[in-house]
Peer 1: 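Please read through the structure below; I'll follow up with questions.
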Amino acid sequence: MTFRRTLLAAAALLAAAVAAAPASAQTLRIGLREDPDIMDPTLARTFVGRIVFASLCDKLFDIDKDLNIVPQLATGYRWESPTTLAITIREGVKFHDGEVMDAEAVRYSLNRHLTMQGSFRRGEINAMEKVEVVNPTTVRVTLKVPFAPFLSQLTDRAGMIVSPKAAEAAGAQFGTRPVCAGPFRFVERVAQDRIVVERFADYWDAQNIHLQRIVYQPIPDDTVRLANLQAGSLELVQTIGTNDVAAVQRNNRLRLSMSDELGYQGITINIGNGPRGQTPLGQHAKVRQALDLAIDRATINQVVYNGMFTPTWQAVPPTSPFHVKSLTPPTRDVARARALIREAGVATPVRVMLTVPNNPELRQVGEVIQAMAAEAGFEITLNAMEFASSLQAATRGDFEAYLLAWSGRTDPDGNLWTFVHSRGPQNDGKYANAEVDRLLDAARVETDPAKRVAIYEQMYKLAVVEDRSRLYLWHRKNIVAHTARLTGFVNVPDGLIRVQGLRLAN
């Protein structure tokens with residue numbers, strides 16, 4: 001109780017401090033769950049970074065609330081052949097530095113995403129062979145092979161177009177002052193405190209932008225974030241905890257919006273990424289199977305999330321047409337888990353360090369997993385880290401197991417290839433299985449949805465059922481809360497906060 005009182009007192013103090021600064025009806029203050037990583041669409045990984053990018057960097061295409069692909073910087077497209085895509089580019093668009101956004105800028109940006117050192121977009125569009133400028137308003141993309149997910153990849157960071165002039169001038173520092181063609185331009189960033197953007201007067205769709213400034217504030221604690229919203233020092237929070245849903249619904253000054261997300265929460269396991277993969281968990285599939293069987297997904301969902309989430313054993317939610325119906329989460333079986341550890345020839349306790357993003361909700365999840373796994377012979381140590389730092393640690397292999405969520409994509413390839421394929425840029429555990437690679441590649445080429453589902457079913461049997469390359473735990477909900485003064489918010493299943501149409505009443 002003492003900790004709870006201290007936390008609430010800190011929340012009240014923070015709310016009071018932020019509220020002390022006068023707010024304008026033209027300024028929208030958004031509370032984020034974490035601090036984003038680098039603000040370069042080619043190099044970025046975080047979901048909260050995508051929320052900020054939604055105001056800074058328009059994409060060739062976007063998705064609507066029904067998951068339809070809609071034009072943004074593009075005006076349309078035409079498949080000239082199974083491997084040739086012509087994209088028409090919107091005229092009259094300017095970057096924040098005043099340069100014209102044209103077909104050459106599109107060619108430059110797509111090539112940058114594909115070839116830049118450290119690019120996390122490479123795995124999303126690596127079927128691309130070349131991009132040609134047909135004329136100032138048309139590009140032609142040639143693929144190496146037919147690639148079913150390609151257009152959907154251009155609805156996210158792989159489709160964001162940056163200013164070639166600014167990118168060349170800034171080099172590796174571009175992420176500290178990004179220049180794109182979105183409705184807002186970058187003003188400043190103070191790490192762990194705020195990112196500020198201002199309305200771009202020359203935005204191509206300026207009539208749909210009604211705010212002058214947006215301030216994004218990282219507040220990892222759900223209680224503190226909600227307290228700031230209730231106190232009026234934030235107008236919108238990216239997410240609230242499931243325990244707070246009822247409180248928001250009872251408050252007539254607030255509004256709640258929920259949607260099923262496209263991604264999942266899971267545990268990434270270091271199997272081959274450096275020395276920290278050389279553990280019993282990393283080297284023995286049976287030990288990973290044992291950990292999976294020690295976890296009761298349904299109980300964690302009830303204890304931590306009030307039963308609002310959906311336990312899973314795969315990367316796409318039940319609402320997706322690519323969900324594999326035959327793949328259901330295993331029932332907790334402690335006796336079988338202990339037997340698997342014995343069969344692996346591993347002594348107990350099996351020591352595992354589990355990295356957890358440093359927020360109270362996920363620390364609680366880690367503690368519940370810790371207690372459950374102990375009954376099966378595991379000794380789990382929790383390593384709570386600031387989120388962006390935890391991503392960097394995972395990339396360099398400085399972890400054993402990592403409790404990590406993925407916000408999800410409309411096409412299942414966006415939830416799988418980059419994480420599970422041996423060449424996937426976000427395969428932090430360096431899992432490698434030649435047959436899994438073949439199946440993931442085959443699913444990219446196949447255009448028949450039913451056949452793609454069948455391919456994914458085969459892939460899951462190897463990567464999940466046999467190898468337990470990662471443990472899929474549950475599908476979350478996007479739970480957004482905002483002041484009743486804010487209108488025009490549309491909750492799209494990808495969880496991004498689109499600024500078009502948002503208005504704040506005085």
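Quick caveat, the model's predicted, so the values are computed rather than measured. These values consider heavy atoms only, across backbone and side chains, with no hydrogens, waters or symmetry-generated copies.
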Peer 1: Pick one: which of R470, R276, R45 meets salt bridge (charged side-chain N to carboxylate O under 4.0 Å, His left out) with D428?
Peer 2: R45
Peer 1: Return yes if a side-chain donor-acceptor contact under 3.5 Å exists between T42 and H113, otherwise no.
Peer 2: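 Yes, a side-chain donor-acceptor pair sits under 3.5 Å.
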Peer 1: Contact between I195 and V215 at the side-chain level, heavy atoms closer than 4.5 Å - yes or no?
Peer 2: no
Peer 1: With a 6.0 Å cut-off (strictly less than), is the heavy-atom count around OH of Y77, excluding the residue itself, greater than 12?
Peer 2: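 No, OH of Y77 has 12 or fewer neighbouring heavy atoms, counting only those of other groups under 6.0 Å.
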Peer 1: Which residue in the set D58, D205, D62 passes salt bridge (charged side-chain N to carboxylate O under 4.0 Å, His left out) when paired with R498?
Peer 2: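 It is D62; the other options fail the test.
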Peer 1: Got H323 and Q314 here, is their nearest side-chain heavy-atom distance under 4.5 Å?
Peer 2: yes
Peer 1: Are any non-hydrogen side-chain atoms of P318 and H475 less than 4.5 angstrom apart?
Peer 2: yes
Peer 1: H482 and side chain to side chain contact (heavy atoms under 4.5 Å, CB included): which single residue from L236, I30, V248 fits?
Peer 2: L236
Peer 1: Between L234 and I219, is there a side-chain heavy-atom distance shorter than 4.5 Å?
Peer 2: yes
Peer 1: Can you measure from CD1 (I63) to CD1 (I69) and round to the nearest 0.5 angstrom?
Peer 2: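 The distance works out to 8.5 Å.
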Peer 1: Could you walk me through whether R363 and N358 pass the side-chain contact (heavy atoms from CB on, under 4.5 Å) test, one step at a time?
Peer 2: CA-CA 7 Å; R363 289 200 305 270; N358 192 19; 2.6 Å; yes
Peer 1: More than 12 foreign heavy atoms under 6.0 Å from CD of Q192: is that the case here?
Peer 2: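 Counting other residues, nucleotides and ligands, CD of Q192 exceeds 12 neighbours.
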Peer 1: State which residue, out of R177, R121, R112, fulfils the salt bridge (charged side-chain N to carboxylate O under 4.0 Å, His left out) condition with D40.
Peer 2: R112
Peer 1: Might you point out which heavy atoms bring V141 and F150 nearest each other, and give the distance in Å?
Peer 2: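 Answer, listing the atom of V141 first, then F150: CG1-CZ, 3.7 Å.
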Peer 1: Does F47 have its ring centroid less than 6.0 Å away from the ring centroid of W406?
Peer 2: no
Peer 1: Hey, is D156 close enough to K59 for a salt bridge, meaning N to O under 4.0 Å?
Peer 2: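 The answer is no: the pair does not qualify as a salt bridge.
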Peer 1: What's the spacing between T46 OG1 and D35 CG if we round to 0.5 Å?
Peer 2: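 Nearest 0.5 Å value for the OG1-CG distance: 8.5 Å.
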Peer 1: Check E124 with R157, please: is the shortest side-chain N to carboxylate O separation under 4.0 Å?
Peer 2: no
Peer 1: More than 12 non-hydrogen atoms from neighbouring residues, nucleotides or ligands closer than 6.0 Å to CD on Q117, yes or no?
Peer 2: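 Counting other residues, nucleotides and ligands, CD of Q117 stays at 12 neighbours or fewer.
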Peer 1: Does the side chain of E188 reach to within under 4.5 Å of the side chain of R194, using non-hydrogen atoms?
Peer 2: yes
Peer 1: What pairs with S469 under side-chain hydrogen bond (donor to acceptor under 3.5 Å, both in side chains), at least two apart in sequence or on another chain?
Peer 2: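 If we apply the side-chain hydrogen bond (donor to acceptor under 3.5 Å, both in side chains) test to S469, skipping adjacent residues, there are no hits.
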Peer 1: Less than 4.5 Å apart, side chain to side chain, heavy atoms only: is that true for F419 and N427?
Peer 2: no
Peer 1: Would you check if F184 and I209 make a side-chain contact, meaning some heavy-atom pair closer than 4.5 Å?
Peer 2: yes
Peer 1: Do R409 and D411 sit within salt-bridge range, that is, some charged N less than 4.0 Å from a carboxylate O?
Peer 2: no
Peer 1: For residues Y472 and V316, determine if any side-chain heavy atom of one lies less than 4.5 Å from a side-chain heavy atom of the other.
Peer 2: no
Peer 1: So, for Y264 and A315, which heavy atoms are closest and what is the spacing to 0.1 Å?
Peer 2: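 Taking every non-hydrogen atom into account, CD2-O, 3.4 Å.
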Peer 1: Are more than 12 heavy atoms from other residues, nucleotides or ligands located less than 6.0 Å from atom NZ of K430?
Peer 2: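 For K430, atom NZ is crowded (more than 12 foreign heavy atoms under 6.0 Å).
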Peer 1: Any chance you could measure F186, atom CZ, to C180, atom SG, to the nearest 0.5 Å?
Peer 2: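 If I round to the nearest 0.5 Å, the distance is 11.5 Å.
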Peer 1: Does a donor on one side chain and an acceptor on the other come within less than 3.5 Å for E168 and Y108?
Peer 2: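 Yes, Y108 and E168 have a side-chain donor paired with an acceptor closer than 3.5 Å.
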Peer 1: Using a strict cut-off of less than 4.0 Å between a Lys/Arg side-chain nitrogen and an Asp/Glu carboxylate oxygen, indicate whether E261 and K477 qualify as a salt bridge.
Peer 2: no
